[in-house]
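A short worksheet on the structure shown next.
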Amino acid sequence: MISVYGLSTSLALRIIDKTEDKEKEMIESEAEHQRAIEYFMENIENVETVDDLMDDYKLYSFVMKAYDLEDQIFGKAMMEKVLKSNIEDDEALVNRLTDDRFETFYNAMGFSEDGMANLNTVDDDWKATIVAAYVDTTYVNSKAEDNEALGTLLEFRRKAAEVTSAYEILADEDMAEFVRTALGLPDEIASGDIDKQAALIARRIDIDRLGDADYVESLVQKYVAITDANADLSSTNAAVQLMSSTISTSSGSFVPVTIDIESIQGFSGYKLR
């Protein structure tokens, strides 16, 4: 995997836009992921019910990772209730959870409302879709570990086309953070009235155009520009503070320090402590 750690978001984005397909091929060929994919493909058709899925930890953890729910793998009892929900019932657990990952996962799995049937597991196209989701999630998460802002914009790129309202943006932590940054809004508004936030976003973003790749990319470029500008400012402020702290010690004596300004400027996404 190509590391983008320490790079500005704009440079990191240019790199991954040219290397994404190759890197995904690398993920599929890595021993750990290759074994997981092969096990899924060979055994998922044995799953007919939610209970079958829960009884096979390798399959269960694979599909959870595919839909970015690795942090919820431990909650098998809750996930069982989610998958056995009737999504037509407003009071069903899948509808009461605010994190939209659960509804996405529910729809992707396609169990009957009581979890006693699933025709998807013998469908080769469905299997390929789950594998593709697993690879893509692994890829995005690896980039987010290197560069948090990059991970956030990749999430927005992938989800934007499915958005139908400002409330859906606010329900997703990554998308909400992306939009606040792209619009130049302070993070503090996230604690404000949800209806006012939604109205503000709806005025500033054309929700109906989020299926337009060019429009989404224009938002991505705004996000990247603001993220890098903020990172540059943070780095500059940190460097100034570091130099100021060297002017005098508690004894009042001057302590000379050499700082490689070129190196600091070369890593605009890096914040000095």
Side-chain angles (χ1 to χ4, degrees), residues 1-27 66-68 99-101 104 132-190 197-236 265-271:
M1 295 286 287
I2 297 173
S3 175
V4 292
Y5 178 78
L7 301 180
S8 66
T9 304
S10 57
L11 177 55
L13 182 60
R14 289 199 297 272
I15 290 173
I16 69 164
D17 278 345
K18 294 181 181 297
T19 61
E20 179 176 337
D21 291 343
K22 186 64 177 178
E23 289 200 68
K24 286 184 176 180
E25 291 176 6
M26 291 169 62
I27 290 173
Y67 288 91
D68 203 22
D99 189 330
D100 67 349
R101 291 179 300 167
T104 299
Y134 174 88
V135 172
D136 188 61
T137 298
T138 301
Y139 171 78
V140 171
N141 287 344
S142 72
K143 297 309 173 189
E145 289 175 4
D146 284 351
N147 184 314
E148 185 177 354
L150 183 64
T152 298
L153 76 83
L154 289 176
E155 288 283 358
F156 184 81
R157 267 185 176 176
R158 282 154 171 75
K159 297 175 180 178
E162 303 300 321
V163 172
T164 59
S165 75
Y167 289 100
E168 291 179 15
I169 291 175
L170 293 170
D172 185 289
E173 184 177 346
D174 285 327
M175 286 203 292
E177 193 281 329
F178 175 94
V179 167
R180 285 195 301 270
T181 301
L183 297 180
L185 302 173
D187 288 338
E188 287 74 18
I189 73 166
Q197 291 183 60
L200 176 59
I201 290 173
R203 288 197 301 270
R204 302 281 297 277
I205 287 183
D206 189 343
I207 302 295
D208 292 337
R209 293 185 63 194
L210 289 177
D212 180 342
D214 290 337
Y215 180 68
V216 169
E217 198 59 26
S218 71
L219 295 174
V220 166
Q221 293 306 316
K222 290 180 181 179
Y223 175 85
V224 167
I226 293 174
T227 297
D228 282 351
N230 289 338
D232 284 339
L233 181 60
S234 296
S235 296
T236 300
Q265 293 174 337
F267 292 90
S268 58
Y270 180 76
K271 297 182 180 181

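Taking CD from Q197 and CG from L185, the interatomic distance works out to 9.5 Å, rounded to the nearest 0.5 Å. Between the NZ atom of K143 and the CG atom of L154 there is a distance of 9.0 Å, given to the nearest 0.5 Å. Rounding to the nearest 0.5 angstrom, the gap separating the CG atom in L219 from the CG atom in L210 is 7.0 Å. One finds the CD atom of E173 at 11.0 Å from the CG atom of D100 (value rounded to the nearest 0.5 Å). Here the straight-line distance linking atom CG of D212 with atom CD of E217 works out to 11.0 Å at 0.5 Å rounding. Once rounded to the nearest 0.5 Å, the distance linking CD1 of I27 with OG1 of T138 reads 5.5 Å.
Side-chain contact of E148 with T152: a donor-acceptor pair under 3.5 Å is absent, judged by distance alone.
A search for salt bridge (Lys or Arg N to Asp or Glu O under 4.0 Å) contacts involving D214 returns nothing, not counting sequence neighbours. Residues that satisfy the side-chain contact (heavy atoms from CB on, under 4.5 Å) test with A149, not counting sequence neighbours, are T9, N147, Y223, T227. By the salt bridge (Lys or Arg N to Asp or Glu O under 4.0 Å) test, D21 is found to be paired with no residue, residues two or more places apart in sequence or in another chain being considered. Under the side-chain contact (heavy atoms from CB on, under 4.5 Å) criterion, D146 pairs with S3, V4, Y5, not counting sequence neighbours. For D99, the salt bridge (Lys or Arg N to Asp or Glu O under 4.0 Å) partners are R101, not counting sequence neighbours. Under the side-chain contact (heavy atoms from CB on, under 4.5 Å) criterion, A161 pairs with no residue, sequence neighbours left out. When the side-chain hydrogen bond (donor to acceptor under 3.5 Å, both in side chains) test is applied to S218, no partner is found at least two apart in sequence or on another chain. Shown here are the salt bridge (Lys or Arg N to Asp or Glu O under 4.0 Å) partners of E20, two or more places apart in sequence or in another chain: K24, R158. For Y215, there are no side-chain hydrogen bond (donor to acceptor under 3.5 Å, both in side chains) partners two or more places apart in sequence or in a different chain. Every residue was checked against the side-chain contact (heavy atoms from CB on, under 4.5 Å) condition with A171, not counting sequence neighbours, and none meets it.
Pairs engaging residues 137-158 under the ring pair (Phe, Tyr, Trp, His ring centres under 6.0 Å) rule: F156-F178 [sequence neighbours left out].
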Please list, one pair per line, the donor and acceptor atoms closer than 3.5 Å that link side chains of residues 199-206 to other protein atoms, with sequence neighbours excluded.
unit_1 : atom_1 : unit_2 : atom_2 : d
R204   : NH2    : L183   : O      : 2.9
D206   : OD1    : D208   : N      : 3.2

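In terms of heavy-atom proximity, A160 sits nearest to V216 at CB-CG2, 3.9 Å. Shown here for S10 and D228, the closest heavy-atom pair between the two residues is OG-OD2, 2.8 Å. Between A144 and G151, the shortest heavy-atom contact is CB-CA, 3.7 Å.
For the pair E23 (side chain) and I16 (backbone), a donor-acceptor distance under 3.5 Å is absent.
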Derivation and outcome, side-chain contact (heavy atoms from CB on, under 4.5 Å), residues E162 and T104: CA-CA 11 Å; E162 303 300 321; T104 299; over 6 Å; no
### Task
Any chance you could lay out the side-chain contact (heavy atoms from CB on, under 4.5 Å) test for E177 and R180, step after step, and finish with the verdict?
CA-CA 5 Å; E177 193 281 329; R180 285 195 301 270; 3.9 Å; yes
If you apply the rule side-chain contact (heavy atoms from CB on, under 4.5 Å), what do you find for L13 with V220, and how did you get there? CA-CA 10 Å; L13 182 60; V220 166; 3.9 Å; yes
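Checked options D174, D136, D17; the residue passing with R157 is D17 (criterion: salt bridge (Lys or Arg N to Asp or Glu O under 4.0 Å)).
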